[in-house]
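Remember, it's 1-based here, ligands and their atoms both numbered in the order they're listed.
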Amino acid sequence: MTTQRLSSFHPPRRTLLGPGPSDMNPRVMAALAQPAIGYLDPAFVTMMEEIKELLRYAYQTTNPLTFPLSGPGSVGMEACFVNLVEPGDKVIVCRNGVFGGRMIENVERCGGTPVILEETWGEPIEPQKLADLLKAHPDTKIVAFVHAETSTGAQSDAQALCDLARQHGALTIVDCVTSLGGTPVAVDDWQADATYSGSQKCLSCTPGLSPVSYSERAVAKVKARTNNPNAGKVQSWFMDLNLVLSYWGETARTYHHTAPGNSLYALHEALLLLKEEGLENAWARHRSNHEALKAGAEAMGLKYVVKEAARLPQLNSVYIPEGIDDLAVRKTLLNDYNIEIGAGLGPLAGKIWRFGLMGYSSQPTNVLLLLSALSAVLGEMGYRHEAGAAEAAAHHAYAAQHAEAAQSKRAAG
Ligand SMILES: *Cc1c(COP(=O)(O)O)cnc(C)c1O
């Protein structure tokens with residue numbers, strides 16, 4: 001056996017401009033490096049309560065049951081389904097990308113009956129289609145949809161979809177993994193019942209935490225299961241809300257599992273950064289950088305996948321120009337420029353690129369870096385466009401925004 005000398009791991013310095021994870025603010029990285037303390041230490045418990053309060057702010061909700069699950073966004077997704085879907089429940093799942101497909105898997109594994117609303121990838125969910133499906137299936141118990149489809153960059157109208165579900169007496173499960181912190185998520189206004197998100201997209205925290213929020217209606221359904229012999233216990237011990245609450249709930253604080261302490265310090269800091277900036281300002285920043293990136297991408301001749309009204313500012317998907325080698329471009333961006341962008345998934349694999357401007361990654365410096373690097377790489381690969389035009393278009397977009405802001409300030413004062 002050969003013995004190999006191992007050394008500490010030092011990751012290369014990348015700029016993360018894909019579908020997540022996003023770059024972390026140095027304050028979040030510093031939070032991760034603080035000393036470990038026990039998960040029942042009074043100081044830790046105080047921090048947990050602050051996280052819950054900060055999450056209620058981020059989600060715009062007063063739901064007492066708003067807290068982070070220990071696990072990535074996929075755990076948040078699964079937790080919502082295993083708790084709410086009882087065997088035999090009819091669940092309408094709206095699918096317009098990868099993540100809606102995973103929701104269907106979840107319904108099936110819970111013994112529910114999925115009814116699928118198919119939408120073209122890249123399009124938002126059409127509310128009229130949901131209205132029709134609810135009429136055809138009046139016994140629907142739950143409606144599930146993805147607010148911000150990261151696989152395409154399309155945002156659906158969560159308010160309209162939640163309203164329709166409620167009018168038909170159905171609960172809602174809403175995936176806000178990519179929207180939270182990037183575009184408005186209003187759990188109370190929507191009256192969404194079970195909402196989940198992830199820590200590493202627009203919250204720019206370390207991956208592995210999934211903030212969830214449950215309405216009173218959702219909690220009532222989960223609590224009633226124990227007394228219903230047909231529903232039985234939630235089949236996942238780890239995700240059973242009734243048990244998790246012994247640790248994260250309002251009153252008791254007893255051992256359920258060892259909380260990922262340092263990751264929670266990081267989430268606390270990431271949420272604090274969001275609070276300090278202000279939700280409205282964070283949404284405006286995402287929009288501003290998206291506008292500049294769009295101006296530059298279009299000046300380069302790139303075409304957006306999603307129609308303007310449904311575009312996510314934090315996830316820009318564009319078609320790969322004819323004759324350009326997808327993998328070669330992404331490799332060169334990574335190796336020569338340390339930039340990570342996202343590839344297409346499913347039917348869009350090899351057809352699109354996904355540029356993420358999420359959370360801390362949504363900065364003018366990154367917009368200009370990406371446009372410049374992409375222009376250089378595409379130019380070398382023979383893609384005809386005017387060098388410098390993309391950067392100039394982005395500069396103009398920012399200048400126009402600044403002029404507009406100055407004017408509205410003058411008008412106000
Ligand atoms: C990333 C993502 C998930 C899954 O989150 P993980 O942290 O990767 O498990 C779920 N839904 C959407 C819309 C996502 O973008």
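Ion pairing between a basic and an acidic side chain is recognised when a charged N comes within 4.0 Å of a carboxylate O; Lys129 and Glu118 show no such pairing.
Seen from the ring of Phe67, Lys52 does not count as a face-on cation partner, given the 6.0 Å and 45° thresholds. Cation-pi check for Arg109 over Phe81 is not met; the charged atom does not lie both under 6.0 angstrom from the ring centroid and within 45 degrees of its normal.
Sorted by first then second residue, the ring pair (Phe, Tyr, Trp, His ring centres under 6.0 Å) pairs that include residues 318-357, not counting sequence neighbours, number zero.
Under the 30°/60° scheme for interplanar angles, the aromatic rings of Tyr255 and Tyr39 are found to be tilted. Between Trp190 and His147, the ring-plane angle classifies as perpendicular under the 30° and 60° cut-offs.
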Write 'none' if nothing qualifies; otherwise put on separate lines each N/O atom of ligand 1 with a protein N/O atom under 3.5 Å away and their distance to 0.1 Å.
from	atom 1	to	atom 2	distance (Å)
ligand 1	7 (O)	Gly73	N	2.8
ligand 1	7 (O)	Gln200	NE2	2.8
ligand 1	9 (O)	Gly73	N	3.3
ligand 1	9 (O)	Ser74	N	2.8
ligand 1	9 (O)	Ser74	OG	2.5
ligand 1	11 (N)	Asp175	OD2	2.6
ligand 1	15 (O)	Thr150	OG1	2.3
ligand 1	15 (O)	Thr178	OG1	3.2
ligand 1	15 (O)	Lys201	NZ	2.7

